[in-house]
Each structure stands twice: as C-alpha cells, then as structure tokens.
2 protein chains.
Amino acid sequence: MPRVTVAYREARRDEIARAALRCLVRKGVRDTSIADIVTESGLSTGAIYSHFSSKAELARYIVARYLVPHVETLEARARKGDVIAPRAVLATLLRAFEEHGLPPSVVVQFWAEAMVDPDLLAQVSVTAERLRASLQAALQPWADASGVAAPAVLAADTVRAVMALTQGWIAHTAVFGSRSVNSYIESATAALTE
Amino acid sequence: MPRVTVAYREARRDEIARAALRCLVRKGVRDTSIADIVTESGLSTGAIYSHFSSKAELARYIVARYLVPHVETLEARARKGDVIAPRAVLATLLRAFEEHGLPPSVVVQFWAEAMVDPDLLAQVSVTAERLRASLQAALQPWADASGVAAPAVLAADTVRAVMALTQGWIAHTAVFGSRSVNSYIESATAALTE
DNA sequence: ACCTGAACACCGTTCAAGT
DNA sequence: ACCTGAACACCGTTCAAGT
C-alpha cells in the first residue's frame with residue numbers, strides 16, 4: 001500500500017528527471033554521474049534509487065517524458081494544414097525541433113546510448129513509431145493527390161525519408177555546428193535533383 | 001633516445017588500437033573498459049598507458065588511423081569518373097561505407113563521444129574537412145557544367161548537403177536498422193522534389 | 001514507504017619497481 | 001625505454017538502519 005499518492009510519486013520522479021536533464025544538457029550523458037544528479041536535485045543517492053532502478057531506467061524515463069511531448073507538438077504542427085507536401089513537413093519538423101530546448105548534441109548522445117542499451121533502443125523505437133504513424137497520416141492527402149498507383153506505400157516511404165533527413169540535420173548540426181533549416185533543405189534538394 | 005625504432009612503436013600502437021576497435025565493435029564504446037582492451041591485446045594496463053596517455057587519446061588515434069583510410073577510399077572512388085552528379089557521389093559514399101567494416105552504430109557512438117571530448121571533436125572535424133575538400137573537388141566539374149552564376153558556392157553547398165545526407169543514412173541505419181542505399185536516395189529525392 | 005549515507009565492486013589512471 | 005601490476009580516486013549500485 002503506497003503511503004503517498006501516485007501523483008506525489010510521479011512528481012518526485014519528474015523532479016529527479018528534470019534535475020538529471022539539466023545535468024545532461026550541461027555536462028553530456030557520459031559525464032553526468034549519479035553524484036551530479038544528487039547535487040542538482042538536492043536528494044540523496046538512495047532517494048534516486050528508490051524511484052529509478054538504475055541510471056539506464058532514468059534515461060529511458062527522460063526519453064519517454066520529454067521526447068514524447070516534443071513528438072506531440074510536432075504531430076500537432078504537421079496536421080495544421082490540409083494537403084501538406086513532404087518538404088513542408090520536414091521544415092515544420094526541423095523548425096519545431098530548433099525551437100524546443102533539446103540540443104542536437106544531447107539527441108545524438110541518446111542515440112549512442114540506445115546502441116548499447118536494448119531497452120532504451122526499444123523506448124526510442126516506440127516514440128519514433130508514434131511520430132512515424134502521425135506524420136504518415138499527415139502526408140496521406142498529399143500521397144493520394146499525387147496520382148501514384150500505391151499512395152499508401154508512397155506515404156510510408158516518404159515518411160521514412162523525412163525522418164532520415166531530420167536525423168541528418170540533427171547529426172550535422174551536432175557535429176559541424178548550427179545550420180539553417182532553409183539552407184539545409186534547399187541544398188539537399190539541389191543535390192538530389194541535379 | 002628511443003630504445004626501439006619509431007616503426008616498432010607505431011606497430012605497437014596499432015596492435016593496441018586494433019584490439020580496442022574489435023572491443024568497440026563487439027561491446028560498444030561506453031561498455032569497453034581498459035580491462036577489456038588488456039584482455040583482447042594480451043598486454044598490461046601499464047603497457048597501454050605507456051603508448052596512449054588516456055582512453056580518450058586512444059579513441060582519437062582510432063578515428064585518425066581507421067577513419068582516414070575510409071575517407072581516402074571514398075575520395076578515390078569519388079574521383080573515378082569525370083563529371084559526377086551529387087546523387088552519384090552520395091551513392092558511392094554510402095556504398096563504400098556499407099562495404100567497409102565499420103558499423104553505423106559505432107560511428108554514432110564516436111559522434112556522441114565527440115560531443116563530450118573537444119579534442120575528439122577537433123579530430124573528427126579535421127577528418128571531415130579532408131573529405132569535404134576532396135568531394136568538393138570531385139563535384140566541381142558538375143557545378144561548372146550547371147551554368148549557375150557561382151559554381152564554387154554551389155559545389156560547396158552541395159557537398160555539405162551530401163555529407164548531411166550521409167549522416168542521415170548512418171543515423172537512420174543505426175537506430176532503425178539496415179536500409180538499402182538505393183531506396184534511401186530514391187525516397188529522399190521523392191520527398192524533396194514533391 | 002520513503003529516505004539516508006556508508007559500504008561494495010568496478011572503472012580509469014598513476015606509479016614504484018622490474019627488465 | 002618499456003613494461004608490470006598493486007594502489008588510488010571515483011563511479012554506479014546496494015543495503016542496514018532511520019523516520
């Protein structure tokens with residue numbers, strides 16, 4: 001029987017996760033220790049471990065708690081118009097990402113963590129699948145209007161491409177420094193259409 | 001005064017780096033310990049530290065030693081033809097990458113390391129700059145033939161786009177599983193040209 | 001039930017001692 | 001000069017003891 005309410009527990013988890021996220025943004029995933037999170041949150045080691053079974057589970061919680069709202073914002077934006085072209089979806093996706101607080105460098109570090117933590121990879125995959133399904137729905141009118149034989153296949157392939165292009169922008173921005181969304185889309189288009 | 005030749009020293013560094021790379025591919029960057037490299041190489045902790053000042057310097061050496069040859073192979077391929085379109089450069093780049101042994105998941109992990117190790121970021125930047133300059137030279141004939149007012153600017157922008165598209169393929173493959181080079185290029189083109 | 005903080009196993013790195 | 005491996009500071013995690 002819980003002595004505190006579920007809401008209290010969730011608030012406490014959130015408090016820890018927010019403190020952890022501030023550390024991650026400041027110091028990076030590898031260089032953030034439990035001791036850092038203890039200092040940042042003002043709690044003790046044991047308190048953190050009574051809410052999360054491990055550092056890895058805390059990372060998974062952060063992905064679920066702070067990346068999913070990002071995805072929801074992106075979903076909402078992608079559905080604002082009616083017939084939306086893939087370029088517009090990509091631009092919306094990248095601009096929404098730019099405006100949100102999560103730095104590309106942190107996203108790349110979570111990808112790397114997922115390469116080494118199967119549970120985190122599963123978490124990332126679930127989040128990505130939600131985004132994928134939603135973007136595909138947003139692109140369906142465009143695919144239908146394209147007059148192609150199999151518009152569902154076109155929409156599915158196009159969404160994967162949009163997601164890969166988003167990842168390209170994130171990785172490029174993280175490694176080589178900030179890059180304008182417009183010039184990325186324009187030069188990628190020029191490169192592919194020759 | 002060195003008791004052994006420079007060549008011997010370099011061979012020893014290589015021996016350690018190769019053992020380390022086998023560990024990285026098998027266990028991931030974060031989960032490879034010095035103890036693992038000691039076991040894999042058959043040397044002692046001290047022997048490794050008498051050749052590399054830290055684990056970070058070993059990582060930098062691996063990037064310089066095993067990524068630069070990749071880059072050289074890509075450079076060579078990119079220059080095989082005469083007037084090469086960006087799509088062909090991208091396809092060559094991705095296919096060369098596919099055929100070489102370095103898994104995309106390891107590349108993503110090195111990006112993440114670079115986010116947290118300024119010296120490694122500098123190393124990655126130097127390697128990338130070499131590749132960039134070489135690909136730009138390979139694309140110059142195409143840019144000149146395009147009849148645009150500033151072909152040098154077009155070539156420079158296009159190369160950045162090709163590199164970002166390559167990073168997109170690497171990140172997408174690492175996170176969502178293996179993806180065919182052709183379908184990636186085709187669906188990205190379809191997405192951008194609407 | 002939730003929390004504390006000392007204790008534990010393990011990590012990267014150092015260094016006195018060998019050859 | 002190169003190498004050994006015990007020693008050190010620090011990491012993530014556990015757990016007996018408090019409230």
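The chains referred to below are lettered A, B, ... by the order of the sequence lines, with proteins before strands, and numbering in each begins at 1.
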Notebook entry, point to check: Just to confirm, is there a sub-4.0 Å distance from OP1 or OP2 of C:dA1 to any side-chain nitrogen or oxygen of A:Arg9?
Noted result: no

Next item on the list: State yes or no: do B:Ile170 and A:Val116 share one hydrophobic cluster built from I, L, V, M, F, W and Y residues joined by side-chain heavy-atom distances below 4.5 Å, directly or via other members?
Entry: no

Next item on the list: Whenever both distances are under 3.5 Å in a Watson-Crick or G-U wobble pair, mark it; put DNA chain D into dot-bracket that way, with [ ] for crossing pairs and | when the partner is on another strand.
Entry: ||.|||||...|||||.||

Hey, what are the protein-to-nucleotides 12-15 of chain C N/O distances that come in under 3.5 Å?
unit_1, atom_1, unit_2, atom_2, d
C:dG12, OP1, B:Lys55, NZ, 2.8
C:dG12, OP2, B:Ile34, N, 2.7
C:dT13, OP2, B:Tyr49, OH, 2.4
C:dT13, OP2, B:Lys55, N, 2.9
C:dT13, O5', B:Tyr49, OH, 3.2

Margin query: Show, in sequence, the C-alpha distance, side-chain angles and deciding distance for B:Glu98 and B:Arg95, and conclude whether the salt bridge (charged side-chain N to carboxylate O under 4.0 Å, His left out) test is met.
Written below: CA-CA 5 Å; B:Glu98 233 178 4; B:Arg95 253 188 285 275; 5.8 Å; no

Item checked: Shortest non-hydrogen contact between A:Arg60 and A:Ser54, atoms and distance -> NH2-OG, 4.4 Å

Check: How would you list, by chain and number, every residue that makes a side chain to side chain contact (heavy atoms under 4.5 Å, CB included) with A:Thr32, sequence neighbours excluded?
Finding: A:Cys23, A:Leu24, A:Lys27, A:Asp36, A:Ile37

Notebook entry, point to check: Roughly how many Å is it from CD in A:Glu15 to P in C:dC2, rounded to a whole number?
Noted result: 14 Å

Next item on the list: Indicate whether the side chain of A:Ser187 and that of B:Arg160 have a donor and an acceptor atom separated by less than 3.5 Å.
Entry: no

Next item on the list: Would you kindly give the CG-to-P distance between A:Asp36 and D:dC11, to the nearest whole Å?
Entry: 7 Å

Next item on the list: Would you please confirm or rule out a distance under 4.0 Å between OP1 or OP2 of C:dC3 and any side-chain N or O of A:Ser50?
Entry: yes

Check: When you check the side-chain N and O atoms of B:Asp144 and B:Gln140, is any donor under 3.5 Å from an acceptor?
Finding: yes

Checklist line | Side-chain touch A:Asp117/A:Glu57, heavy atoms, less than 4.5 angstrom | finding: no

Next item on the list: Could you state whether B:Phe110 and B:Val25 fall into the same hydrophobic cluster, counting links through intermediate Ile, Leu, Val, Met, Phe, Trp or Tyr residues with side-chain heavy atoms under 4.5 angstrom apart?
Entry: yes

Item checked: Any A:Arg12 side-chain N or O less than 4.0 Å from OP1/OP2 of C:dC3 -> yes

Note to self: Less than 4.0 angstrom between a side-chain N/O of A:His51 and OP1 or OP2 of C:dA1, yes or no?
What the structure shows: no

